[in-house]
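Letters A, B, ... mirror the listed sequences (proteins, then strands); counts begin at 1.
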Amino acid sequence: MADKASKVADLAQRRGFYWPAWEIYGGVAGFYDLGPLGKELKNKIIELWKETLMKPLQRIILELETPIITPYRVLEASGHVQNFTDPIVECTKCGRKYRADHLIEEATGLKVEGLSPEDLTKIIKENNIRCPVCGGELSEVKKFLLLFQTQIGPYEGDKGFIRPETAQGAFVNFKRVYQFMREKLPFGIAQIGRVGRNEISPRQGLLRLREFTIAEIEFFFDPLNPGKPPLDYEAKIRLLPWELAKEGQKEPVEVTIKEALDKGWIINEWMAYWMLKAKELLNKLGIKDEDQFFEEKSPEERAHYSSQTYDQLVRTERYGWMEVSGHAYRGDYDVSRHIKFSGKDLYAFRKYKEPKKVKVKVVRWNARELGIRFKSKAKKIMEALKNVDPELVEKELLEKGYVEVEGEKLEKGIVWVEEREETVSGERFVPHVVEPSFGVERLLYVTLEHALKEKDGRLVLSLPRYLAPIEAVVLPLVEEDEIVKKAKEVWELLAKSGFRVEYDEKGSIGRRYARFDEIGVPAAVTIDFQTLQDDTVTVRDRDSWEQVRVKIEDLPKVLRRFIKENKPLEECVT
RNA sequence: GCGGCGGUCGUCUAGCCUGGACUAGGACGCCGGCCUGCCACGCCGGAGAUCCCGGGUUCAAAUCCCGGCCGCCGCACCA
């Protein structure tokens with residue numbers, strides 16, 4: 001019996017939504033083409049994403065586009081190079097795979113992290129390490145890199161990678177956008193773009209791709225003054241926090257945002273805000289509340305950069321709960337790493353409400369005396385004095401009467417500590433980041449799966465009407481000259497009114513309804529014999545199959561209400 | 001990557017075990033014509049298949065053998 005996943009895949013291929021890429025050459029696992037309807041639907045999903053996640057905060061959510069090819073240094077800074085490569089050995093007998101470094105550490109106690117595959121292989125041979133399960137011989141150690149690698153320019157060693165997420169393009173641009181925002185936080189950088197991950201074994205159609213589209217926001221804020229998201233504290237959200245999961249809880253609990261924050265299940269208000277928006281987006285894609293929830297990742301399975309991560313899961317028939325978005329509290333990890341690796345100032349600045357008068361102790365010295373006494377060494381001593389702790393100097397001078405710097409004793413009088421008053425207007429800090437990140441193709445898939453219904457043994461793609469790639473179809477009831485002519489006029493009218501509208505005159509009317517139901521066309525406009533009498537047509541609802549009679553001149557208005565405003569058909573007529 | 005199963009017109013499939021009359025059959029879909037007054041269900045005709053790819057065995061391979069690719073399921077992996 002065909003399950004939903006194969007029905008979706010079958011429909012997708014047959015009716016132009018998507019299919020395996022490069023298929024005339026046998027296909028390559030993990031790559032898919034989007035067909036005309038799939039591309040159109042994806043565009044609409046992205047549009048809806050922008051409307052839901054960007055538009056409400058349009059003054060502070062800014063969209064950027066950064067390159068896909070990313071230099072080595074960037075991904076080294078982000079931790080991906082380290083975290084995306086695993087040295088792997090395989091048992092030649094039973095085929096089990098292991099992390100080579102883990103295996104060696106277990107067997108010998110040696111610390112081997114960071115060694116080359118060749119060295120690891122040598123160690124395995126020398127120590128005669130075998131498969132811990134079946135005792136079989138182990139293969140050579142191979143480096144498995146989950147990043148796609150390429151070369152930038154003609155020189156070897158100038159390594160580039162296809163980005164595994166768009167986030168790094170946002171982090172490296174923090175300072176520029178911060179300045180664009182006139183140095184105000186919070187703000188978010190949105191990016192929608194292609195990424196590549198060289199999955200070991202991609203399967204599950206659109207749900208596990210090697211190349212796909214990510215839509216994400218890096219939301220930067222001051223951890224001491226995060227600002228208030230426009231958050232509905234009474235809104236309900238379905239959660240499975242780790243605190244409950246580790247006690248064996250399997251089912252999510254439904255709580256208000258307020259409760260989730262109070263209990264510490266969501267550690268940050270902005271996290272809560274984006275999670276709520278994610279839920280809203282899924283609702284708009286036709287996923288009901290009971291078919292989605294958020295699951296907190298355990299500390300072990302969390303990404304290397306994150307201190308809290310929730311996955312948004314959607315029910316699928318064959319694959320169970322499937323992750324469609326991730327919500328990570330990335331803290332100051334990424335920006336800090338880029339400060340460290342690039343040596344650039346990517347700090348934000350926090351102004352105090354009032355400039356603070358602070359008393360600062362400063363080490364002072366008599367440069368003239370030092371010069372006379374130490375000659376050329378004096379410069380070095382003065383440099384050192386700049387960096388010593390004034391408190392310490394004060395203490396030494398008090399206790400011993402001198403302080404030792406660069407191996408020289410400097411007594412009170414030649415060195416002393418002064419207290420000065422300074423005005424400080426603020427301080428530098430690294431912004432914190434929360435990141436909602438969506439896999440667009442996964443959204444596409446769950447949208448299709450949840451829209452696909454069966455009615456009287458036929459497939460009906462009950463997409464939310466505003467998502468339908470084709471909005472309406474004009475059908476002459478029979479292939480009769482007068483009616484066909486009229487139908488073409490109606491098609492013209494709708495096309496000119498801005499609808500994406502199809503036309504079909506072949507075959508029986510029932511067959512045509514069925515054909516357009518299957519690709520989710522919400523409205524079928526039928527021209528019949530009565531049309532020739534009184535200029536009215538029937539409009540048929542894809543889901544209920546009910547029909548109403550409408551004057552041709554009212555048709556654009558009625559369809560606009562029906563499709564864009566999503567009203568029930570009867571309400572659109574009045 | 002391992003193991004199991006599979007891959008035949010656009011789709012679903014018959015044929016494979018037991019090699020030859022397979023010029024690869026059917027259904028749906030598609031195209032054309034007729035018919036047709038509202039839900040894929042009438043009639044006639046037509047186009048459409050590298051039998052996944054490569055190699056081998058054989059007089060002869062869709063069919064048997066080997067390798068590869070792709071898909072599904074399980075294991076492993078999943079930053």
**Message:** So does T166(A) get a backbone contact from the side chain of Q191(A), meaning a donor-acceptor N/O pair under 3.5 Å?
**Reply:**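 Yes: the side chain of Q191(A) pairs with the backbone of T166(A).
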Within the 4.0 Å heavy-atom criterion, would you say [X] contacts the bases, only the backbone, or no part of the nucleic acid?
X: F31(A); result: nothing
X: Q204(A); result: sugar-phosphate
X: L477(A); result: base
X: T526(A); result: base
X: G205(A); result: sugar-phosphate

Test side chain to side chain donor-acceptor pair (under 3.5 Å) applied to [X] - qualifying residues, sequence neighbours left out:
X: R315(A); result: D291(A)
X: E518(A); result: R14(A), R15(A)
X: R561(A); result: none

When rounded to the nearest Å, what value does the distance between [atom1] atoms of [N] and [M] take?
N: rG3(B); M: rA49(B); atom1: C1'; result: 32 Å
N: rG1(B); M: rG68(B); atom1: P; result: 9 Å
N: rC77(B); M: rC64(B); atom1: C1'; result: 36 Å
N: rG46(B); M: rU63(B); atom1: C1'; result: 31 Å
N: rC53(B); M: rU8(B); atom1: C1'; result: 15 Å
N: rC72(B); M: rC52(B); atom1: C1'; result: 16 Å
N: rG15(B); M: rG7(B); atom1: C1'; result: 15 Å
N: rG26(B); M: rA14(B); atom1: C1'; result: 7 Å

**Residues in ring-ring contact (aromatic ring centres under 6.0 Å, His included) contact with Y319(A), at least two apart in sequence or another chain** =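 Y319(A): no ring-ring contact (aromatic ring centres under 6.0 Å, His included) contacts found.
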**Message:** Once salt bridge (Lys or Arg N to Asp or Glu O under 4.0 Å) is applied, do any residues pair with E492(A), and if so which ones, sequence neighbours excluded?
**Reply:**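 E492(A) satisfies salt bridge (Lys or Arg N to Asp or Glu O under 4.0 Å) with K496(A) only.
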**Asked** Which atom pair, heavy atoms only, marks the closest approach of P476(A) to V474(A)?
**Response**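 The answer is CD-O, 4.0 Å.
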**Asked** With sequence neighbours excluded, what pairs up with I68(A) under the side-chain contact (heavy atoms from CB on, under 4.5 Å) test?
**Response**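 If we apply the side-chain contact (heavy atoms from CB on, under 4.5 Å) test to I68(A), skipping adjacent residues, the hits are I162(A), R163(A), R194(A).
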**Request:** With sequence neighbours excluded, tell me which residues meet side-chain contact (heavy atoms from CB on, under 4.5 Å) with V558(A).
**Result:**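 With neighbours one apart ignored, the set is V550(A), D554(A), C572(A).
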Please list each protein N or O that sits under 3.5 Å from an N or O in nucleotides 30-35 of chain B, with the distance.
{"from": "rC30(B)", "atom 1": "OP1", "to": "R515(A)", "atom 2": "NH1", "distance (Å)": "2.1"}

With hydrogens left out and only the distance checked, is there a donor-acceptor pair under 3.5 Å joining [X]'s side chain and the base of [N]?
X: R512(A); N: rA40(B); value: no
X: Y513(A); N: rC38(B); value: yes
X: E23(A); N: rC70(B); value: no
X: R197(A); N: rC78(B); value: no

**Asked** Which of residues 8-19 of chain A sit near RNA chain B, with a heavy atom under 4.0 Å from it?
**Response**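 Result for residues 8-19 of chain A: D10(A), Q13(A), sorted by number.
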**Message:** Looking only at side-chain N and O atoms, does R549(A) offer a donor or acceptor that is under 3.5 Å from a partner on T538(A)?
**Reply:**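 Absent: no donor and acceptor within the cut-off.
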Which listed nucleotide ([options]) is nearest to the side chain of [X]?
X: Q547(A); options: rA40(B), rG71(B), rC39(B); value: rC39(B)
X: R318(A); options: rC38(B), rC73(B), rG71(B); value: rC73(B)
X: I509(A); options: rC38(B), rG71(B), rA79(B); value: rC38(B)

**Message:** Check this one for me: any side-chain N or O of T538(A) less than 4.0 Å away from OP1 or OP2 of rC38(B)?
**Reply:**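 Checking T538(A) against rC38(B): no side-chain N or O falls below 4.0 Å of OP1 or OP2.
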